[in-house]
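The structure appears below as structure tokens.
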Amino acid sequence: MRERALAHLEAQPLSPLATRWLAALTLGADERLTRDDWDLLNASGTTHLMVISGLHVGLVATFVLLMGRGVARLVTPRRWRLVIWPWWLAGAAALGYASLAGLEPPALRAMLMTLVGLWVASGRHAPGPWQGWWLALGLVVIVDPLAVWRPGLWLSFLAVALLILVWQGRSRPRGVSGWVAALLRTQLLLAPLMAAAVLLAFARLAPAAPLVNLLVVPLVSSLMVPLGLIGWLLLPIPTLSTLAWQGFDGLARGVAVLLDAAVAGLPLWWPAPETVLTLALLLGGIAGLWALPALAMRLRLAGTLLLSVTLLGLEAPEIPPGTLRVRVQDVGQGQLVELRSASYRLLYDTGPRFASGFAPIEALWPAGQRFDTVIVSHADLDHAGGVSRLVERHAVGAYLAPLAEAVGVPVRPCRRGQRWERDGVRYRVLWPPPRAAHLSSNDRSCVLEVTAGDERLLITGDVGREIERAFLAEVDDPVTLLVAGHHGSATSSGPHLVQSLAPRHALFSAGRHNGYGHPADAVVRRFRRGGSCLWSTALDGALTAWLGRPEGAAVSATRSAEWRHGGVEGPCHAVESPH
């Protein structure tokens with residue numbers, strides 16, 4: 001039925017924008033939305049309006065309930081308030097609409113919450129609002145246990161909890177002015193808490209969201225969604241159905257213009273990762289001051305002023321000169337290493353591009369980043385797969401790659417002997433030599449040595465053991481961090497390199513359950529015998545290390561110890577081979 005409905009919608013004389021939005025708003029077909037649609041919705045903080053949510057399911061249930069009670073009033077005028085069947089009919093409508101939308105997790109969650117909401121609103125042996133909230137949460141988790149790991153679950157229930165808190169004990173608004181004032185108050189109270197929740201879930205903030213939602217939420221809920229649903233209801237009368245959808249079309253284009261203008265003035269903001277938690281706590285504190293009952297107005301105002309000043313003055317800690325932050329990103333079976341100093345940013349490799357066309361680099365940073373230098377070790381897709389996304393989304397000062405490698409962008413040659421220094425951190429290319437066309441692509445990989453203070457990082461790309469011997473004499477020891485060659489393959493990290501360099505930390509950039517068996521059993525044992533601490537993105541997630549600090553280098557992992565096979569042995573993880 002859903003597929004037939006979508007096919008019918010595609011045949012209507014509507015703009016492409018209206019067709020996509022109508023499919024998403026009324027049928028839950030958010031896969032019809034384009035990347036531009038999602039970018040606009042994310043940047044304006046209105047993504048919640050374009051999925052089947054409690055708003056849409058609740059509107060359907062409310063409409064059917066009002067119609068049912070109206071009929072009951074006509075049929076049984078003296079006892080219509082006691083009639084039960086309109087409530088059952090409204091529940092059936094919520095279930096049917098969510099089913100039509102495919103019962104995807106947001107629609108399923110909205111349907112269960114609506115059913116509990118109808119029970120609470122019916123007033124017959126019903127739980128109070130908080131008991132209903134807990135009941136809905138329990139039902140959602142029982143029916144869809146994976147929902148616990150979806151940010152949408154917590155965003156939904158956090159918003160409803162705040163609404164219960166701020167309206168508990170208050171009288172129902174009266175008249176148009178009362179409802180307008182209630183809507184403004186609700187949106188303003190929701191804005192800081194939902195901004196904090198979005199920050200924690202997605203590490204981004206839409207500054208335009210509070211103002212945009214004040215205008216768009218009533219427009220969508222009072223006009224667009226009803227028009228869309230009325231169009232479906234009037235399908236037996238094509239003229240009226242088309243008329244309703246044309247009204248939706250005009251409103252959709254107007255909303256798109258409004259969102260474009262808002263985003264142009266207040267674009268999406270991605271704060272520094274170090275400040276995300278603090279920002280979220282400050283915003284949550286502001287929301288709490290205004291949501292909690294029985295607080296004096298002076299306390300609310302003073303607290304808000306204090307937290308706002310702190311919020312505006314919050315800045316990410318600067319990296320001091322001579323210090324380097326190394327981050328080996330978790331990009332699956334591939335490699336992407338980000339190096340940052342006080343004013344310089346370098347990428348070594350760009351991660352893979354998979355058969356689906358997805359490149360993990362797309363999910364790491366918002367568009368518009370600046371990278372001073374990007375070194376592409378060689379042209380294999382697990383190292384150069386993200387180059388096209390860099391070109392599309394970010395600004396790059398210079399690309400370096402071996403001359404014989406076609407990486408899809410004009411490059412400067414990466415060759416042995418190149419040196420440069422930024423912010424007191426020294427960079428040196430150890431391989432390939434000027435004439436390397438006779439070597440395989442792996443053996444032409446750029447090998448980079450980076451020195452910060454007395455500590456040293458070495459990244460060897462995919463070179464094999466023979467090539468390791470060729471540049472080993474030029475490596476200054478000791479090596480603090482070694483990004484193991486070829487993701488821990490048995491063809492790299494030979495005994496000569498491991499024994500000579502004895503790296504304090506060896507990092508494997510590999511995919512979890514990869515089909516190559518990386519890191520190889522022999523390589524893992526070799527590093528363990530050499531006394532190296534072993535880390536793997538497959539188990540630890542993204543890895544971060546600092547070089548050049550007085551306290552010495554330390555590696556931190558994104559994931560907790562439960563992900564690691566071998567547990568913890570002192571400061572070193574016992575990384576084991578999959579085989």
Side-chain angles (χ1 to χ4, degrees), residues 17 20-21 24-25 30 33-51 53 55 151-152 155 158-159 162 180 183-221 223-224 251-287 289-290 304-316 362-370 392-395:
L17 174 72
R20 297 193 305 268
W21 284 21
L25 271 171
D30 53 11
L33 298 177
T34 65
R35 184 181 185 119
D36 289 339
D37 290 330
W38 285 118
D39 288 344
L40 179 62
L41 294 169
N42 286 331
S44 58
T46 53
T47 310
H48 60 99
L49 294 176
M50 282 297 159
V51 295
S53 66
L55 171 67
L155 291 173
L158 190 63
L162 183 67
V180 170
L183 176 65
L184 290 173
R185 181 175 183 273
T186 300
Q187 287 295 326
L188 290 174
L189 286 173
L190 273 175
L193 186 65
M194 297 315 294
V198 169
L199 262 176
L200 290 175
F202 305 110
R204 69 180 183 226
L205 200 59
L211 178 60
V212 167
N213 277 288
L214 280 176
L215 300 172
V216 174
V217 166
L219 192 62
V220 171
S221 60
L223 292 174
M224 289 180 64
L251 288 171
R253 284 183 282 182
V255 168
V257 171
L258 174 65
L259 297 184
D260 276 322
V263 171
L266 293 169
L268 188 66
W269 179 44
W270 296 74
E274 298 85 356
T275 65
V276 166
L277 180 59
T278 307
L279 282 170
L281 291 175
L282 290 172
L283 287 167
I286 292 174
L289 284 172
W290 290 94
T304 302
L305 179 61
L306 179 62
L307 291 175
S308 298
V309 170
T310 307
L311 191 73
L312 294 173
L314 192 64
E315 293 182 357
E362 297 175 24
L364 292 178
W365 304 287
Q369 300 290 301
R370 164 76 186 181
E392 293 168 5
R393 297 166 57 86
H394 306 295

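No experiment lies behind these values; they were computed from the predicted model shown. When a residue number appears, it is its place in the shown sequence, counting from 1.
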Minimum-distance pair of heavy atoms, taken over all atoms of Val198 and Arg204: CG1-O, 3.6 Å
Separation of Leu199 CG from Leu283 CG (nearest 0.5 Å): 6.5 Å
With a 4.5 Å limit on heavy-atom distance, are the side chains of Leu162 and Trp290 in contact? no
If every non-hydrogen atom of His394 is compared with every non-hydrogen atom of Gly368, which pair is closest and at what distance? ND1-N, 3.6 Å
Are any side-chain N or O atoms of Thr310 and backbone N or O atoms of Leu306, one a donor and one an acceptor, separated by less than 3.5 Å? yes
Return a table of donor-acceptor pairs under 3.5 angstrom between the side chains of residues 256-268 and protein atoms on other chains or two or more places apart.
none

Met224 and Trp21 have their tightest heavy-atom pair at CE-CE3, 4.1 Å
Sort out for me which residue in Leu215, Leu17, Leu219 forms a side-chain contact (heavy atoms from CB on, under 4.5 Å) with Val255. Leu219
Which pair of heavy atoms, one from Leu33 and one from Arg20, lies closest together, and at what distance? CD2-O, 3.9 Å
If we ignore angles and hydrogens, is there a donor and acceptor under 3.5 Å between the side chains of Thr47 and Trp38? no
How far apart are the closest heavy atoms of Arg393 and Glu362, and which atoms are they? NH2-O, 3.7 Å
side-chain contact (heavy atoms from CB on, under 4.5 Å) with Leu282: which of Leu311, Thr275, Leu277? Leu311
So how far is it from Leu223 CG to Leu251 CG, rounded to the nearest 0.5 Å? 6.0 Å
Take Leu193 and Ile286 through the side-chain contact (heavy atoms from CB on, under 4.5 Å) test and state the conclusion after the steps. CA-CA 8 Å; Leu193 186 65; Ile286 292 174; over 6 Å; no
Evaluate the side-chain proximity of Asp39 to Thr34: yes if any heavy-atom separation is below 4.5 Å, no if none is. no
Do you know which two heavy atoms are closest between Gly45 and Ala209, and how far apart they sit? CA-CB, 3.9 Å
